[in-house]
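One structure is given below, represented as structure tokens, and several questions about it will come after.
FYI, side chains are in, hydrogens and waters are out, and symmetry mates aren't considered; it's all heavy atoms of this structure.
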Amino acid sequence: MTVHQSISDETRPAYNYAYLDEQTKRMIRRALLKAVAIPGYQVPFGSREMPLARGWGTGGIQVTAAIMGPDDTLKVIDQGADDTTNAVSIRRFFERTADARTTEATDEATIIQTRHRIPEAPLKAGQIMVYQVPQPEPLRKLEPHEAETRKMHAWAEYGLMQVKLYENIARFGEVTTTYDYPVMVNGRYVMAPSPIPKFDNPKMQMSPALQLFGAGREKRIYAVPPHTSVRSLDFDDHPFRIQSWEQPCALCGAADSYLDEVVIDDQGGRMFVCSDSHHCETRRADGHRGAMLADASALHLVEDEAKP
Amino acid sequence: MAHDDTLIGAGFSDPVFQSQGAFRALLAALSEPGLACDLGEAIAPPAGLEAATAVTLLTLADYETPIWLPAALRNGPAGAWLRFHCGAALVEDPARAAFAVVDGAMTEPKLAGFNAGDDQFPDRSTTVLVQCAGLAGGETVTLEGPGIAGRRSIAPTGLRPGFWAEVEGNAALYPLGVDLLLVHGAQVLGLPRSTQIVEAR
């Protein structure tokens, strides 16, 4: 570390802007344009070694590196939070390799790279969502062979997926898939929305933002353009439903956001808090107070803005 | 051959950021079909190529992407320019091309002559750059599909008779089909295969 610090700016390790070389960026950009032209179809691409392990968002990072420029403001979230390990390390990666302007505010960001959530604040036209995808193939658990799933997509043979959902209903009375819930894009391709909770699926429908998906280990890129139909698979007599909670967020009192259950002691105590940390903070700053905010503030776990 | 024909003009002066900016304009053009996007006047294109055509190919083409050009361009300064800057192979068979540049007013080749991809790999289709006389002021064409909230109207000029019927035929192949970029000057307008022609008059 000290070696790097002692070297002057001119002789720093000469990585290209945003880490990837220009030929790789061109290859990814071509894949992105085809992905946008065929919403929901998985375009194979030559995923590169990145300086972090596969499964830590290398697909999303490569997509972000290929699209971002000096005019962009980047937000990175992991499970809705800006301050978790994966989000912090990816944000720092782009600060170092691309001198990126970063933010935690959803409405200030032009590019939002995400793992497992879509922000609660509505997305705007001109924003680009970049999803980190572990398994891009929605049919993989039903059919392990790529040669077969490729044909199933080619011929739109999605009966197997409907059977899986039906068996869920037959055994449990409802579809038990709660995340990575399969969607039909533009009425043609069944797509994995990445492991976002099904709570977030309706936000993809006709979203004004461009949504890009990168799967580094599986070497696939796909996309949903703005204003595109994204329908969660369901049945007429068992319509798609999202999760709901019996209590609001314990910190900000939000009743309409996705909540994480947090165990707080070994007596069975628990609290429910917003998974979107920026959304929760914004609401608290606006004066919204949840039932446990005073306790959490007293323990210096969060800042209570309203406190004198 | 005149002296000028052998002189290859400059490409990007700042390849990293100029290609990034151009790519974002292309991404916007294809994700919001029918919206004219500006690629900037970054370079002086060779004879026969619109500025937007030259910038698009500099941004996206390389040794992995065969380019189809009309024979007159292929054997002229445009061909030499693309070989030098992109390192791309220039092919004679339209069906082998990853990128193609056509003159919107010429009757050949038809859009159906390019590679529409195959059912398992629809992404392997040709991206066709259609150089036209203007992106506004022509007959009104109404578009619908992914990337368009409701409907959007465009009115490019200088396109051959029957062009919109070809585009409709291309959209009917969905998810196969070529993706079109209408270019004029520094502007580009995307017409991916997912866009439906509602009305052309």
Side chain from CB out, backbone as N, CA, C, O: work out which of these in P33(B) comes under 4.5 Å of a heavy atom of chain A, or both, or neither. neither

Structural part of L210(A) lying under 4.5 Å from a heavy atom of chain B: side chain

With a 4.5 Å heavy-atom cut-off, do Y63(B) and Q23(A) have their side chains touching? yes

Please classify the contact between Q20(B) and chain A as side chain, backbone, both or neither, with a heavy-atom cut-off of under 4.5 Å. both

Tell me the closest heavy-atom pair linking Y174(B) and P39(A), and the distance in Å. OH-CD, 3.4 Å

What heavy-atom pair brings S31(B) and P225(A) nearest, and what distance separates the two atoms? O-CB, 3.9 Å

Which answer fits T65(B), side chain, backbone, both or neither, if we ask what part of it has an atom under 4.5 Å from a heavy atom of chain A? side chain

Is the number of heavy atoms from other residues, nucleotides or ligands under 6.0 Å of E108(B) CD greater than 12? yes

In this structure, OG1 of T59(B) is separated from NZ of K25(A) (nearest 0.5 Å) by 12.0 Å

So with a 6.0 Å cut-off around CZ of R152(B), is the heavy-atom count from everything else above 12? yes

Most contacts with chain B, counted as non-hydrogen pairs under 4.5 angstrom, among V224(A), V185(A), D72(A): D72(A)

Could you tell me which portion of F121(B) (side chain, backbone, both or neither) has an atom closer than 4.5 angstrom to a non-hydrogen atom of chain A? both

Minimum heavy-atom distance between S19(B) and R29(A), given as atom pair plus value: OG-NH1, 3.5 Å

Search all heavy atoms of G147(B) against all heavy atoms of T228(A) and return the closest pair with its distance. N-OG1, 3.7 Å

For a side chain to side chain contact (heavy atoms under 4.5 Å, CB included) check, start with the C-alpha distance between L27(B) and I128(A), then their side-chain angles and the critical distance, and finish with the verdict. CA-CA 11 Å; L27(B) 186 64; I128(A) 302 179; 4.2 Å; yes

Just wondering, are more than 12 heavy atoms of other shown residues or ligands nearer than 6.0 Å to NZ in K124(A)? yes

Which pair of non-hydrogen atoms, one from E32(B) and one from P226(A), has the smallest distance, and what is that distance? CG-CG, 4.2 Å

Any non-hydrogen side-chain atom of E64(B) less than 4.5 Å from a side-chain atom of R30(A)? yes

Residue R92(A) excluded, over 12 heavy atoms near CZ under 6.0 Å: no

Among H153(A), M206(A), M68(A), which residue has the highest count of heavy-atom pairs closer than 4.5 Å to chain B? M68(A)

What is the minimum heavy-atom distance between Y17(A) and V16(B), and which atoms define it? CB-CG1, 3.7 Å

Note, Y41(A) side chain near P175(B) side chain (heavy atom, < 4.5 Å): no

With distance as the sole test, does R26(A) use its side chain to make a donor-acceptor pair with the main-chain N or O of L60(B) at under 3.5 Å? no

Max heavy-atom pair count under 4.5 Å with chain B, selected residue of N186(A), L32(A), D71(A): N186(A)

Contact origin within A66(A) toward chain B - heavy atom pairs under 4.5 Å: backbone

dist H227(A):NE2 -> E144(B):CD (nearest 0.5 Å) comes out at 13.5 Å

Quick check on E92(B): does its CD atom have over 12 non-hydrogen neighbours (other residues, nucleotides or ligands) under 6.0 Å away? no

Steps toward side chain to side chain contact (heavy atoms under 4.5 Å, CB included) verdict (K34(A), S125(B)): CA-CA 9 Å; K34(A) 285 299 176 190; S125(B) 64; 3.1 Å; yes

Which of L26(B), D119(B), D62(B), L30(B) touches chain A most, by non-hydrogen pairs under 4.5 Å: D62(B)

A29(B), part contacting chain A, at a heavy-atom distance under 4.5 Å: neither

What distance do I111(A) atom CD1 and R24(B) atom CZ have between them, rounded to the nearest 0.5 Å? 4.5 Å

